[in-house]
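Here the structure is laid out as structure tokens; the discussion comes afterwards.
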Amino acid sequence: MQIYNSLNRRKEEFIPKDPGKIGIYACGVTVYDLCHIGHARSLVVFDVIYRYLKYRGYDVTFVRNFTDIDDKIINRSNERGVSWKALAEQYIDEFYVDMDRLGLLRPTYEPRATDHITEIIDLVEKLEEKGLAYAVDGDVYYRLQNFKGYGKLSGKNIDDLLSGARVEVDDRKESPLDFALWKKSKAGEPSWDSPWGEGRPGWHIECSAMSQKFLGDTFDIHGGGKDLIFPHHENEIAQSEGASGKPLAHFWVHNGFVNIDQEKMSKSLGNFLTIRELLEDCHPEVLRFFVVSSHYRSPIDFSTENVAVAAASLERLYQSLDRLLRTAAGTAAETSSMDEKINFWRQEFIAAMDDDFNSAAACAVLFEVSKEVNRWLDADVSQNDKPEAASCIARFLREIGAPLGLLQEEPQAFLQRGGGSDGELTATEIEALIVDRSTARTERNWAEADRIRDLLDEKGIILKDSADGTQWQRKH
RNA sequence: GGCGCCAUCGCCAAGUGGUAAGGCAGAGGUCUGCAAAACCUCCAUCUCCGGUUCAAAUCCGGAUGGCGCCUCCA
């Protein structure tokens, strides 16, 4: 398996530290607001990686943290007059709502920063002992000059950073680039007792402390969005490797951004769309398909048109799955005459995903299967085990859809599920109209039949007449 | 100013040396009462200019055009 390693800026053969086992740490969210679609992409990307590595038979330990204390949380809790704790709890709950709707697997561990104050303090003390940290008036800073190799992940060097100098000057720091490991708390702020007085952790230290606790000094993959490379991940390396003297992660994996209409989406630009808003009229699997149909490192441009394309594409796959399940008609066979074909497709899928999680190429395999299946079903060949073969292919489609989080719904449920907006016809109403239309059709009253079909079409319902009756689905 | 990424059909998007995957849209056809879905056929030489090579979208140099990080950020 090849994975692109941000550390060396090239694809490298991936070999787990311990055979058969993989440890992954992905930086999670700061819980002070609802998640936006940029978070969704990152979450989906690492969910796919997690699922796929498990699919390949690895014993995966996946850790994703919650940052539940920081400036933004404190500020917002003050604005709203609620405690930082209540605010964090609220948004952790909201996070789970979105996560479940997106069908994200729960990581093995989801540690919170404030549950690891002891570990954080221990780590800061260790850095202090090693001369890599110094305390000033209750604050503790990282002493960058004493760490060799700062900048190896982001490709920056200390001199350039100093001359770039958009760093605020703080006389108490030995160097402008030294960053906070522990922050002295101001009056009224949340704080924990420490050797340096009442305070709270700095921005980066939690990830070093928690990854060490759950995955050890060195683990296989560390991930996050590209924007975390500097300074967050760079500082994590300084902290963790400074303390342990060992490499933090063998592979660094970073996902690309989500742009909205060609522009970077960010909090500061205010052009972000929350997962919740999007899911009001977009099926969660459509969002997943949208994410997975591009390579995880490329930027993706979010727009209504692009999501519509994703919906149309996914629908095609579900149409095939639907046909397969109808043909199988409840048959559940273990093997069939299609086994060889299925195995060939499986190898194609694995080859795509083994190449740096090339989910876009993997999607092409899904479409290839879909195409061949439709052709096969259309041909109406007399084949002894057609239902058995259909059930095997259907199961296989779901097997390779699973790592991507696709095709896990019942086709009818997916196809008949609308955008979710109000004013739509219920299934019962639709089916009543279909009965009326069928009556008209048997009477060869085409005008009436078409009137009903047009009526349904206006409501976003599409009909499909076939030998065994009329199927319906909603436009997505 | 420093560091880095990208540029493939109308749109989305794979492809890192051997002669352009896939999806959406479009054109024609089959099927259908008509449709829808599906199937068949058609639909790009890879921003530009040089170079390396028997061979380049793929490597090197340059140009142009996008973008990111250097500040909170997935």
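Per chain, numbering begins at 1; letters A, B, ... match sequence-line order.
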**Report entry** Base B:G33 to side chain A:Asp450, donor-acceptor N/O within 3.5 Å cut-off
**Finding:** yes

Mate of [N] where both pairing distances stay under 3.5 Å, Watson-Crick or G-U:
{"N": "B:C72", "answer": "none"}
{"N": "B:C31", "answer": "none"}
{"N": "B:C59", "answer": "B:G51"}
{"N": "B:C5", "answer": "B:G66"}

Sorted by number, residues from residues 291-308 of chain A placing a heavy atom under 4.0 Å from RNA chain B are A:Ser293, A:Ser294, A:His295, A:Ser298, A:Asn306

Numerically ordered, the residues 222-231 of chain A set in heavy-atom contact under 4.0 Å with RNA chain B is A:Gly224, A:Gly225, A:Asp227, A:Leu228, A:Phe230

In whole Å, measure the gap between the [atom1] atoms of [N] and [M] for me.
{"N": "B:G68", "M": "B:C60", "atom1": "P", "value": "24 Å"}
{"N": "B:C39", "M": "B:A7", "atom1": "P", "value": "31 Å"}
{"N": "B:C24", "M": "B:A20", "atom1": "P", "value": "23 Å"}
{"N": "B:U52", "M": "B:A13", "atom1": "P", "value": "35 Å"}
{"N": "B:A56", "M": "B:U8", "atom1": "C1'", "value": "14 Å"}
{"N": "B:C42", "M": "B:A21", "atom1": "P", "value": "13 Å"}
{"N": "B:A57", "M": "B:A44", "atom1": "C1'", "value": "11 Å"}
{"N": "B:G62", "M": "B:A25", "atom1": "C1'", "value": "37 Å"}

To the nearest Å, how far apart are [X] [atom1] and [N] [atom2]?
{"X": "A:Gln471", "N": "B:U32", "atom1": "CD", "atom2": "P", "answer": "18 Å"}
{"X": "A:Leu177", "N": "B:U71", "atom1": "CG", "atom2": "C1'", "answer": "13 Å"}
{"X": "A:Asn235", "N": "B:C70", "atom1": "CG", "atom2": "P", "answer": "12 Å"}
{"X": "A:Asp160", "N": "B:C69", "atom1": "CG", "atom2": "P", "answer": "18 Å"}

For [Y], is the NZ or CZ atom of [X] found under 6.0 angstrom from the centre of its six-membered ring and inside 45 degrees of the ring axis?
{"X": "A:Lys386", "Y": "A:Trp376", "answer": "yes"}
{"X": "A:Lys11", "Y": "A:Tyr4", "answer": "no"}
{"X": "A:Lys226", "Y": "A:Phe257", "answer": "no"}

Aromatic contact between [X] and [Y], with the criterion being ring centroids under 6.0 Å apart: yes or no?
{"X": "A:Phe95", "Y": "A:Phe66", "value": "yes"}
{"X": "A:His233", "Y": "A:His254", "value": "yes"}
{"X": "A:Phe290", "Y": "A:Phe302", "value": "yes"}
{"X": "A:His232", "Y": "A:Phe179", "value": "no"}
{"X": "A:Phe251", "Y": "A:His222", "value": "no"}

Is [X] touching bases, backbone alone, or none of the nucleic acid, heavy atoms closer than 4.0 Å?
{"X": "A:Gly151", "answer": "nothing"}
{"X": "A:Gly155", "answer": "sugar-phosphate"}
{"X": "A:Val365", "answer": "nothing"}

Is the base of B:A74 stacked against the aromatic ring of A:Phe257, taking ring centres under 5.5 Å apart and planes under 30° as the test? no

By nearest-nucleotide position on RNA chain B, the 5'-leaning member of A:Arg41 and A:Tyr4 is A:Tyr4

Assert: residue with more 5' nearest nucleotide on RNA chain B, out of A:Arg9 and A:Val309, is A:Arg9

Tested for side-chain hydrogen bond (donor to acceptor under 3.5 Å, both in side chains) against A:Arg437, the lone hit among A:Asp465, A:Thr442, A:Asp450 is A:Asp465

- Using a cut-off of less than 4.0 Å, is there contact between a side-chain N or O of A:Asn259 and OP1 or OP2 of B:C67? no

With sequence neighbours left out, the residues meeting side chain to side chain contact (heavy atoms under 4.5 Å, CB included) with A:Arg143 are A:Tyr134, A:Asn146, A:Glu174

Sequence neighbours excluded, the answer for side chain to side chain contact (heavy atoms under 4.5 Å, CB included) partners of A:Thr426 is A:Thr428, A:Glu429

Of the candidates B:G33, B:A74, B:A14, the side chain of A:Ala361 sits closest to B:A14

Among B:G33, B:A74, B:C70, the one nearest any side-chain atom of A:Lys156 is B:C70

Sorted by chain and residue number, the salt bridge (charged side-chain N to carboxylate O under 4.0 Å, His left out) partners of A:Glu12 (sequence neighbours excluded) come out as A:Arg10

With sugar-phosphate taken as primed atoms, P, OP1 and OP2 and all else as base, the protein-contact string of nucleotides 35-41 of chain B at under 4.0 Å (heavy atoms; B, S, -) is BBSSSS-

Step-by-step salt bridge (Lys or Arg N to Asp or Glu O under 4.0 Å) determination, A:Lys72 to A:Asp33
CA-CA 9 Å; A:Lys72 296 186 291 293; A:Asp33 204 347; over 6 Å; no

- Message: Tell me if the CZ atom of A:Phe344 is crowded by more than 12 foreign heavy atoms within 6.0 Å.
- Response: no

